[in-house]
Enquirer: 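Sharing a structure with you now.
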2 protein chains.
Amino acid sequence: MSKKQTSPTDLDFAILGLLHQQAETGYGIRKIFETTALGNYSSSPGSIYPALKRLQKLNLVVQENQLTESGANKSRFLPTPIGTKMLIEWMSQPIVPEDISKSIEQLFLRFAFMDNHLSRAQKLDFLLSFNEQVKTYLTELEAYYQQEADNLPLHGRLAFEHGIATYRTHLKWGKKALVTLQQTKDK
Amino acid sequence: MSKKQTSPTDLDFAILGLLHQQAETGYGIRKIFETTALGNYSSSPGSIYPALKRLQKLNLVVQENQLTESGANKSRFLPTPIGTKMLIEWMSQPIVPEDISKSIEQLFLRFAFMDNHLSRAQKLDFLLSFNEQVKTYLTELEAYYQQEADNLPLHGRLAFEHGIATYRTHLKWGKKALVTLQQTKDK
DNA sequence: GTTGCCATGTAAACTGTTACATGATTTC
DNA sequence: GAAATCATGTAACAGTTTACATGGCAAC
């Protein structure tokens with residue numbers, strides 16, 4: 001009855017999401033994180049293999065056993081129904097203000113995996129909430145800037161301006177993505 | 001003769017940089033990381049206090065002893081000459097491609113602290129190199145996008161577009177910052 | 001006089017990094 | 001047949017998170 005496991009990490013969800021698009025070996029996952037920009041996530045064996053073990057222990061993925069005649073290793077990982085449920089739950093979480101200020105990258109990761117697993121309405125809701133909350137945060141940032149810009153040293157001010165520009169880009173992207181989804185035929 | 005310490009972490013440098021602008025208590029540093037956007041860095045006591053201990057052990061900061069009559073605690077941390085030298089070294093490192101793709105936030109942190117510690121030429125060099133390398137990386141991203149966009153699911157494609165938009169913003173900022181610095185009178 | 005914030009720390013658990021290690025398969 | 005790459009893992013270590021713990025001071 002001991003419930004010991006903490007909830008999966010971002011890396012775990014990144015792997016789980018990838019496996020929903022395409023079954024992969026551990027090595028295959030490593031290569032994806034190494035080569036594609038998608039994710040500042042680590043591709044080292046010391047992070048990937050332990051992550052896969054965690055996912056297996058939680059019954060979120062299984063290893064297909066496809067033994068090559070000569071010895072060895074080619075077995076890929078597949079999501080389980082529980083894994084799919086978990087991924088959907090993770091993507092469906094409401095966006096909270098701290099997501100915007102502290103872990104916005106996670107939101108893009110969640111968005112990237114939504115394709116086949118959430119309804120059109122859920123996807124639109126996600127973007128609506130995203131845009132609203134980015135706008136709120138941006139307004140705060142800009143107000144703070146107006147107040148403090150004169151007191152900041154030049155480089156501090158420029159770095160701050162970069163932060164503002166980045167959030168403006170997030171919002172601009174969110175609006176464009178929303179329009180794109182709205183124009184997409186339902187189903 | 002045992003040389004055991006690894007080099008300071010990003011958090012260590014963030015703290016060291018802050019202390020060059022203003023002496024602070026541990027608590028003060030925590031509040032800065034909590035409240036200001038500057039940094040996705042952790043503000044938990046379990047990260048800040050050990051970081052300050054590391055910095056002290058390396059002789060990069062010292063604690064002023066300013067005892068309040070009644071008991072206790074108000075002592076702030078100050079950078080040492082060695083700390084200043086270390087900060088300057090860290091800011092002066094050449095930018096490598098992996099900085100752009102994997103840890104670009106660190107570059108903005110380095111930039112934010114340059115004000116009083118690097119020469120005008122060094123600052124300009126930093127931005128020139130930044131812009132050049134962001135441009136190179138952006139070109140790669142765009143080429144990859146052209147090739148792969150049609151194969152990507154809609155959400156994956158939109159997420160990718162976000163990545164490209166973000167790097168375009170980095171470059172635009174870099175160009176503007178360069179112009180700003182160039183227009184600034186040299187001392 | 002009690003609530004809340006200032007202020008500092010520690011301990012356990014967990015993640016990730018770095019480096020090492022092994023062997024199979026493919027390519028030249 | 002040698003070199004590169006596929007493929008999987010482990011061990012030591014360092015850093016962060018979360019939770020706990022303590023006490024002073026300020027405000028109401």
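Fair warning: this is a prediction, and the values are worked out from it, not measured in the lab. Below, read A as the first sequence line, B as the second, and so on, with proteins coming before strands; counting in each chain starts at 1.
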Enquirer: Please give, in whole Å, the distance from dA19(C) P to Tyr49(A) OH?
Expert: 19 Å

Enquirer: Could you give the NZ-to-C1' distance, from Lys53(B) to dG9(C), as a whole number of Å?
Expert: 7 Å

Enquirer: With a 4.0 Å cutoff (strictly under), does any side-chain N or O of Ser42(A) reach OP1 or OP2 of dT17(C)?
Expert: yes

Enquirer: From the options dC6(D), dT8(D), dC6(C), select the nucleotide whose nearest atom is closest to the side chain of Lys31(A).
Expert: dC6(D)

Enquirer: Calculate the interatomic distance between Ile32(B) atom CD1 and dC6(C) atom C1'; express it in whole Å.
Expert: 15 Å

Enquirer: dT16(D) P sits how many Å from Asn40(B) CG, rounded?
Expert: 13 Å

Enquirer: Calculate the interatomic distance between Leu58(B) atom CG and dG15(D) atom C1'; express it in whole Å.
Expert: 14 Å

Enquirer: Examine dT15(C): is either OP1 or OP2 under 4.0 Å from a nitrogen or oxygen in the side chain of Arg54(A)? Give yes or no.
Expert: yes

Enquirer: Classify Ser47(A) by what it touches in the nucleic acid, base, sugar-phosphate, or nothing, heavy-atom distance under 4.0 Å.
Expert: base

Enquirer: Tell me what Leu11(B) touches on the nucleic acid: a base, only sugar-phosphate, or nothing, going by heavy atoms under 4.0 Å.
Expert: sugar-phosphate

Enquirer: Whole angstroms only, please: what is the CZ-P distance between Arg30(B) and dT18(D)?
Expert: 13 Å

Enquirer: Decide, yes or no, whether a salt bridge links Glu34(B) with Lys31(B) under the criterion of side-chain N to carboxylate O below 4.0 Å.
Expert: yes

Enquirer: Which part of the nucleic acid, if any, lies within contact of Gly26(A), taking any heavy atom under 4.0 Å across all strands shown: a base, the sugar-phosphate backbone alone, or nothing?
Expert: sugar-phosphate

Enquirer: Side-chain donor-acceptor pair under 3.5 Å between Asp125(B) and Gln122(B), yes or no?
Expert: no

Enquirer: Just jot down the ring pair (Phe, Tyr, Trp, His ring centres under 6.0 Å) partners of Phe130(A), sequence neighbours excluded, or say none.
Expert: Phe108(A), Trp173(A)

Enquirer: I want to check one thing: is the phosphate of dT16(D), taken as OP1 and OP2, less than 4.0 Å away from some side-chain N or O of Ser44(B)?
Expert: no

Enquirer: So which heavy atom on Leu118(A) is nearest to which on Ser92(A), and how close?
Expert: CD2-OG, 3.6 Å

Enquirer: What integer distance in Å separates Tyr27(A):OH from dG23(C):C1'?
Expert: 14 Å

Enquirer: Let me know the distance between CD1 of Ile29(A) and P of dG9(D), rounded to the nearest Å.
Expert: 12 Å

Enquirer: Under the side-chain contact (heavy atoms from CB on, under 4.5 Å) rule, collect the residues that match up with Pro45(B), sequence neighbours excluded.
Expert: Arg30(B), Tyr49(B)

